[in-house]
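Okay, structure first, notes after.
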Amino acid sequence: MMDIEQVIEEHGDYLLKVAYLYVKNKATAEDIVQDVFIAFYQKQEQFRQQASLRTYLVKMTVNRSHDYLRSWKSKRLTLFEKIAGRTTAITPEKKVLEKSVKQELTEALFTLSVAYREVLILYYFEEMTTVEIAQLVRCPEATIRTRLQRARKQLATAIGDFDWEVLRHESI
């Protein structure tokens, strides 16, 4: 059994840099690296030494980073950052504004019919194409495009003018 403290000492900083390159948030990167070390400690007998320990830990870190980036939490936080505006200084006023925007967006999403809400989620958060969505919900692609257009308009009316294509073309 390996000394986990020594493993952390030798590889912690490097893994933190790797995670940060993916998630671009220090606190999240620290959480990911912590999860990697916990998982390694719990299952270190699975490490077969076919590659170096560093390579093994980096692969775990990359996988956890990808999992985080695909998660709803990541996408939700990024969406709210885009709506509220990105800044590094978090003031009490900004926290109140962010909470208000989150509440407003949530309420606005729930005012939409399920069909409209569904296409927005699949298109923007699951990053599916209109063709894929049409196959999934078993309706014509033109119907999906119409639903997307109408859902954007209804949501924009509810929360103000918002450029939805920015979400589609930037990493969420």
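Remember, it's a predicted structure, so these values are computed and weren't measured experimentally. Below, all heavy atoms of this structure are taken into account, side chains as well, without hydrogens, waters or symmetry copies.
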Any donor-acceptor N/O pair, Thr157 side chain to Lys153 backbone, under 3.5 Å: yes
My understanding is that only residues two or more places apart in sequence, or in another chain, count here; which of them pass side chain to side chain donor-acceptor pair (under 3.5 Å) with Asp67? Arg70
Mind checking the OG-OH spacing from Ser113 to Tyr116? Nearest 0.5 Å is all I need. 5.5 Å
Taking Ile32 as the starting point, is it possible to reach Ile38 by hopping between hydrophobic residues whose side chains are less than 4.5 Å apart? no
What residues, two or more places apart in sequence or in another chain, satisfy side-chain contact (heavy atoms from CB on, under 4.5 Å) together with Leu136? Leu122, Met128
Mind checking ring pair (Phe, Tyr, Trp, His ring centres under 6.0 Å) for Phe40 and listing every partner two or more places apart, or none if nothing turns up? none
Please output the side-chain donor-acceptor pairs of residues 5-14 that fall under 3.5 Å, not counting sequence neighbours, one pair per line with the distance.
unit_1, atom_1, unit_2, atom_2, d
Gln6, NE2, Glu10, OE2, 2.8

I need the full list of side chain to side chain donor-acceptor pair (under 3.5 Å) pairs touching residues 51-61, with sequence neighbours left out, sorted by first then second residue. Ser52-Thr55
Roughly how far, to the nearest 0.5 Å, is CG of Leu16 from CD of Gln34? 11.5 Å
For Ala29 against Val23, the heavy-atom pair lying closest together: N-CG2, 3.8 Å
Going by the salt bridge (Lys or Arg N to Asp or Glu O under 4.0 Å) test, which pairs reach into residues 131-144, not counting sequence neighbours? Glu141-Arg145
Leu69 versus Tyr22, closest heavy-atom pair with distance: CD1-O, 3.7 Å
Please assess Gln46 against Lys43 for the test side-chain contact (heavy atoms from CB on, under 4.5 Å), listing each intermediate value before the final yes or no. CA-CA 6 Å; Gln46 292 179 0; Lys43 300 176 182 177; 4.0 Å; yes
In terms of hydrophobic clustering (I, L, V, M, F, W, Y; side-chain heavy atoms under 4.5 Å; direct or indirect links), are Leu21 and Tyr68 co-clustered? no
Quick check on Arg117: does its CZ atom have over 12 non-hydrogen neighbours (other residues, nucleotides or ligands) under 6.0 Å away? yes
Less than 4.5 Å apart, side chain to side chain, heavy atoms only: is that true for Gln154 and Thr111? no
Distance (rounded to the nearest 0.5 Å) between Arg150 CZ and Leu120 CG: 13.5 Å
Looking at side-chain heavy atoms only, is the closest gap between Phe37 and Leu15 below 4.5 Å? yes
State plainly whether one hydrophobic cluster holds both Val58 and Ile4, where clusters connect Ile, Leu, Val, Met, Phe, Trp and Tyr through side-chain heavy atoms under 4.5 angstrom apart. yes
Tell me whether Arg147 forms a cation-pi arrangement with Tyr123, defined as NZ or CZ under 6.0 Å from the six-membered ring centre and within 45 degrees of its axis. no
How long is the gap from CG on Leu112 to CZ on Arg152, to the nearest 0.5 Å? 12.5 Å
Any side-chain heavy atom of Tyr20 sitting closer than 4.5 Å to one from Thr28? no
